[in-house]
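Each residue takes its place number in the sequence, starting with 1.
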Amino acid sequence: MPEIESRLIENRVFFPDSKFSKNAKVSDMSVYEALCQSADLNYEQFWAKLAQEHLVWNKSFTSILNERTPPFYKWFEDGLLNASYNCIDRHVESGNADKTALIFESDNGETERITYKTLLAKVCKLSNALKRLGYKKGDRAIIYMPMSIEGVVAMQACARLGITHSVVFGGFSSKSLEERIVDVGARLIITADEQVRGGKRIPLKKAVDEALRGRGSTNVQNVLVYRRTGAKIAMSARDAFLDDVVEAESDYCEPVYVESEHPLFVLYTSGSTGRPKGIQHSTGGYLLHSVLTMLFTFDVKNEDIFWCTADIGWITGHTYVAYGPLATGNTQVIFEGIPTFPDAGRFWKMIENHGVTIFYTAPTAIRALIKASSLDPKVNPKNYDLSSLRLLGTVGEPINPEAWIWYFQNIGGSRCPIVDTFWQTETGGHVITPMPGATPLVPGSCTLPFPGINAAVVDETGKELPNGKGGMLVIKKPWPSMIRNIWGDPERFKKTYFPEEMGGRLYLAGDGSIRDEKTGYFTIMGRIDDVLNISGHRLGTMEIESALVAHHEVAEAAVVGRPDELTGESIVAFVVLKSKKVSDLDDVSKRVEALKSWVAKEIGPIAKPKEIRFGDNLPKTRSGKIMRRLLRSLARGEEIQQDVSTLENPAILEQLGQKQKI
């Protein structure tokens, strides 16, 4: 495989603020380097010491890392603990019972605050109800809930009893839900009558009923329904309302202590074709990394108000909503709605109202809000008091440099560090990320590995490449929060993540990457299957997209390849402009040529798109991820075969599918 070429140069560097660094846990690069050196000198003891310091164990572990059957690694396997106890009870017992745990803001702006004491009571009442219904350690539950306090309670109650949960994002169709019910072998479903997003009611119980008409009904014994809106819904003999079930239960339930390797959850990746992959995570190792990344990446303090905007249906909502912020005893914001309802100032208004200090969101949301603020001055972030913020973060995809700069200047007031975090469902938590008090920041780069994570860039045989050469991102050593298996499919697990052609012991992330020749900083260049091969040159999509978005008129861009007889592949770019709707464009040809010339200037003529299509938006899931497989089908003129039920904006496909007259 030829190397992946990098042609986009970023020379801007932002150094940590001295006031921030003074109080940071990782206060300068020497502290970071000392942590990394400690991991290098005695890898197992490095992780063991952290696990003993930051988790409460019912029975201490004596085994640290079991490597006898790679890649099925086991961490702290003879230790016993409970995730719910670590997230709630220990804070109540240490004197923080009355501290606010969750600040919930609903779609319509109503708020509810609950303390750690109240959260514990809610979790225990549901746990006792589940015990009475006969559920126990080793059972599996599907949670199909709105973004809500009740969704977090359901996850924590399952964890308290050793019930392995699988949360399904509320935007998934009944067919997708059925697949997950069947694959994980769920006996229990916890859902809601409806969810509310952007002023719209979306039925959830109805989707559950449809899923249970087919194969999904095989094992399911009970469906518990949270009354979110009070809508009329069909109820069968196995259905019960959540509030009725928990009403008479005691507000304390003894936690069930489980082995460190006990599956805490199975989370399915949202591939649009083929059988979904159930990513299986352990309890001890996963929880440890949740805590460590809260402490090191976010530099979280006791007084912080933390807000991660992700839904609990995704890994980010697991690690940085349901588990991490609770395990560190913080107050966090949970938001039911979307960033553009009732207007695109919603995020900024919530930061102002709740005094948010740490804000963690996706580049997709940032780019959408850049466009919104350019169209409507009323929702410009400068109209809101964002002075409470001290740290910003991004997650889910690489952030292009110009969006990074806008975020830094307009949301962080040019004073808040940005932690551009690289990680995946499979890694459990951040694996490459800045330490905000120590790391000089380069827009578009996720910088350096988290202490203890041994990341590298390799060729197709697993041979490590020198800095400056693009290739495939791997992690060379097992780490505690790593994926343990694909549920029910160990062969697929090995083939996908630990390929034999690389020796069977390197974790293959599936992303292209390059390290800077001088700093060693990592830049993610896009998924390996999104790498474009243009006349023998392998180019990452992220760099071309970043170049397009750097143009002053462009809000968002997505780039895909299509077969080309002359060059092997040609580049098709889908572009959203900041201040123009497609219907208002009268100079398409001029704009296309201007953007092609811009890309050629920024990267080189080899990266010029052969075709540019304008749209009012891009096809995105309800979580904000761009569905690139759909764009590839549109670029090639193929009929779309994939499931589009998770699309936030299905009408956009027709607009983007048409070649615009030039």
Side-chain angles (χ1 to χ4, degrees), residues 47 51 54-59 61 72-90 123 126-127 130 135-143 145 151-168 180 183-188 190 253 255-269 277-294 310 312-328 423-430 478-488 493:
W47 290 111
H54 295 291
L55 297 181
V56 178
W57 298 85
N58 179 256
K59 174 181 173 286
F61 55 88
F72 301 97
Y73 302 106
K74 296 178 180 180
W75 286 89
F76 324 122
E77 62 182 321
D78 60 342
L80 296 177
L81 77 167
N82 182 273
S84 176
Y85 181 91
N86 272 273
C87 289
I88 311 172
D89 302 54
R90 66 164 160 172
V123 169
L126 178 53
S127 299
L130 297 182
Y135 296 101
K136 60 188 184 304
K137 175 187 171 184
D139 285 333
R140 275 88 66 198
I142 289 283
I143 297 173
M145 292 281 275
V152 173
V153 167
M155 296 169 76
Q156 288 284 342
C158 287
R160 196 168 192 85
L161 297 179
I163 297 168
T164 300
H165 64 64
S166 185
V167 183
V168 179
R180 288 152 175 77
D183 195 73
V184 83
R187 291 183 59 216
L188 167 69
I190 305 175
C253 175
V256 174
Y257 294 98
V258 301
E259 302 82 3
S260 178
E261 282 297 316
H262 179 75
L264 177 61
F265 63 87
V266 175
L267 184 59
Y268 286 85
T269 54
K277 289 185 296 188
I279 307 304
Q280 178 181 322
H281 274 289
S282 71
T283 300
Y286 168 80
L287 196 62
L288 174 63
H289 209 63
S290 300
V291 172
L292 294 179
T293 48
M294 287 294 298
I312 56 171
W314 307 110
I315 187 63
T316 308
H318 281 55
T319 309
Y320 302 111
V321 177
Y323 291 107
L326 295 177
T328 51
W423 62 296
Q424 304 168 310
T425 303
E426 295 85 348
T427 69
H430 310 146
W479 69 101
S481 67
M482 66 189 294
I483 178 178
R484 292 305 196 263
N485 207 341
I486 292 176
W487 185 265
F493 167 68

Undergrad: Please list, chain by chain and in numerical order, all residues satisfying ring pair (Phe, Tyr, Trp, His ring centres under 6.0 Å) with Phe61, sequence neighbours excluded.
TA: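 With neighbours one apart ignored, the set is Trp57, Phe76.
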Undergrad: Lys136: which residues meet the salt bridge (Lys or Arg N to Asp or Glu O under 4.0 Å) condition with it, sequence neighbours left out?
TA: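 With neighbours one apart ignored, the set is empty.
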Undergrad: Check salt bridge (Lys or Arg N to Asp or Glu O under 4.0 Å) between Arg140 and all other residues, then give those that pass, not counting sequence neighbours.
TA: none
Undergrad: Quick one: closest heavy-atom pair of His289 and Thr293, and the distance?
TA: O-OG1, 2.7 Å
Undergrad: Examine distances only and state if a side-chain atom of Asn82 and a backbone atom of Ala159 form a donor-acceptor pair shorter than 3.5 Å.
TA: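 Yes, the answer is positive, given that a donor and an acceptor are paired below the 3.5 Å cut-off.
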Undergrad: Does Trp75 reach the side chain of Pro478, with side-chain heavy atoms less than 4.5 Å apart?
TA: yes
Undergrad: Output yes when a side-chain donor or acceptor of Arg90 lies under 3.5 Å from a complementary backbone atom of Leu55, and no otherwise.
TA: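 Flag not set: sc Arg90 to bb Leu55 has no pair under 3.5 Å.
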Undergrad: Between Arg484 (side chain) and Met482 (backbone), is there a donor-acceptor pair under 3.5 Å?
TA: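 Present.
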Undergrad: Which atom pair, heavy atoms only, marks the closest approach of Ala154 to Leu126?
TA: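 Result for this residue pair: CA-CD2, 3.8 Å.
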Undergrad: Under the 3.5 angstrom rule, does the side chain of Thr319 hit a backbone N or O of Thr316 as a donor-acceptor pair?
TA: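 Looks like no, no N/O pair under 3.5 Å.
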Undergrad: Return the set of residues passing side chain to side chain donor-acceptor pair (under 3.5 Å) with Thr328 (not counting sequence neighbours), or none when no residue passes.
TA: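 In terms of side chain to side chain donor-acceptor pair (under 3.5 Å), with neighbours along the sequence ignored, Thr328 is linked to Asn330.
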Undergrad: Quick one: closest heavy-atom pair of Met294 and Pro325, and the distance?
TA: CE-CA, 3.7 Å
Undergrad: Step by step, work out the side-chain contact (heavy atoms from CB on, under 4.5 Å) result for Leu264 and His281.
TA: CA-CA 6 Å; Leu264 177 61; His281 274 289; 5.5 Å; no
Undergrad: Not counting sequence neighbours, which residues clear side-chain contact (heavy atoms from CB on, under 4.5 Å) with Glu259? List them please.
TA: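 side-chain contact (heavy atoms from CB on, under 4.5 Å) check on Glu259 returns Leu80, Lys137, His262.
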Undergrad: Between Ser260 and Glu77, is the side-chain contact (heavy atoms from CB on, under 4.5 Å) condition met? List the steps.
TA: CA-CA 5 Å; Ser260 178; Glu77 62 182 321; 5.7 Å; no
Undergrad: Could you check if a side-chain atom of Leu188 sits within less than 4.5 angstrom of a side-chain atom of Leu130, using non-hydrogen atoms only?
TA: yes
Undergrad: Kindly write out the residues that satisfy side-chain contact (heavy atoms from CB on, under 4.5 Å) with Ala322, not counting sequence neighbours, or none if the list is empty.
TA: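 Result, side-chain contact (heavy atoms from CB on, under 4.5 Å) vs Ala322: Met155.
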Undergrad: List for me each residue that meets ring pair (Phe, Tyr, Trp, His ring centres under 6.0 Å) alongside Tyr257, sequence neighbours excluded, and say none if there are none.
TA: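 Partners of Tyr257 by the ring pair (Phe, Tyr, Trp, His ring centres under 6.0 Å) criterion come out as none, since no residue qualifies.
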Undergrad: If every non-hydrogen atom of Leu267 is compared with every non-hydrogen atom of Gly313, which pair is closest and at what distance?
TA: CD1-O, 3.6 Å
Undergrad: Let's go through Asp183 and Trp487 carefully: what are the C-alpha distance in whole Å and the side-chain angles of both, what is the deciding distance for side-chain contact (heavy atoms from CB on, under 4.5 Å) to 0.1 Å, and is it a yes or a no?
TA: CA-CA 8 Å; Asp183 195 73; Trp487 185 265; 3.9 Å; yes
Undergrad: Distance from Gln156 atom CD to Cys87 atom SG, nearest 0.5 Å?
TA: 4.5 Å
Undergrad: Indicate yes or no for a side-chain donor-acceptor contact from Asn86 to the backbone of Val56 under 3.5 Å, with no hydrogens or angles considered.
TA: yes
Undergrad: Is there any salt bridge (Lys or Arg N to Asp or Glu O under 4.0 Å) pair reaching into residues 153-163, and which pairs are they, with sequence neighbours excluded?
TA: Asp89-Arg160
Undergrad: Without swapping roles, check the side chain of His318 against the backbone of Gly428 for a donor-acceptor pair under 3.5 Å.
TA: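 Judged by distance alone, no pair lies under 3.5 Å.
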Undergrad: Tell me every residue that passes side chain to side chain donor-acceptor pair (under 3.5 Å) with Asn485, counting only those two or more places apart in sequence or in another chain.
TA: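 Here no residue qualifies.
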Undergrad: The criterion is side chain to side chain donor-acceptor pair (under 3.5 Å); which residues satisfy it with Ser127, sequence neighbours excluded?
TA: none
Undergrad: Is any side-chain heavy atom of Leu292 closer than 4.5 Å to one of His430?
TA: no
Undergrad: Which heavy atom in Ala83 sits nearest to a heavy atom in Leu287, and how many Å separate them?
TA: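 Result for this residue pair: CA-CD2, 3.9 Å.
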Undergrad: Between Ser84 and Val123, which heavy-atom pair has the shortest distance, and what is it?
TA: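 Of all heavy-atom pairs spanning Ser84 and Val123, the closest is OG-CG1, 3.9 Å.
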Undergrad: With sequence neighbours excluded, what pairs up with Asn58 under the side chain to side chain donor-acceptor pair (under 3.5 Å) test?
TA: none
Undergrad: Could you tell me whether the side chain of Tyr268 and the main chain of Val184 form a donor-acceptor pair under 3.5 Å?
TA: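 Present.
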Undergrad: Just wondering, do Phe493 and Ile483 contact through their side chains at under 4.5 Å, heavy atoms?
TA: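 Touching, per the 4.5 Å side-chain cut-off.
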Undergrad: Just say parallel, tilted or perpendicular for the rings of Tyr323 and Tyr286, cut-offs at 30° and 60°.
TA: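 It falls in the perpendicular class, over 60°.
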Undergrad: Is there a side-chain contact between Ile190 and His165 in this structure, where contact means two heavy atoms from C-beta onward sitting under 4.5 Å apart?
TA: no
Undergrad: Residues in side-chain contact (heavy atoms from CB on, under 4.5 Å) with Thr427, at least two apart?
TA: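 side-chain contact (heavy atoms from CB on, under 4.5 Å) list for Thr427, sorted by chain: Trp423, Gln424, Val431, Trp479, Tyr507.
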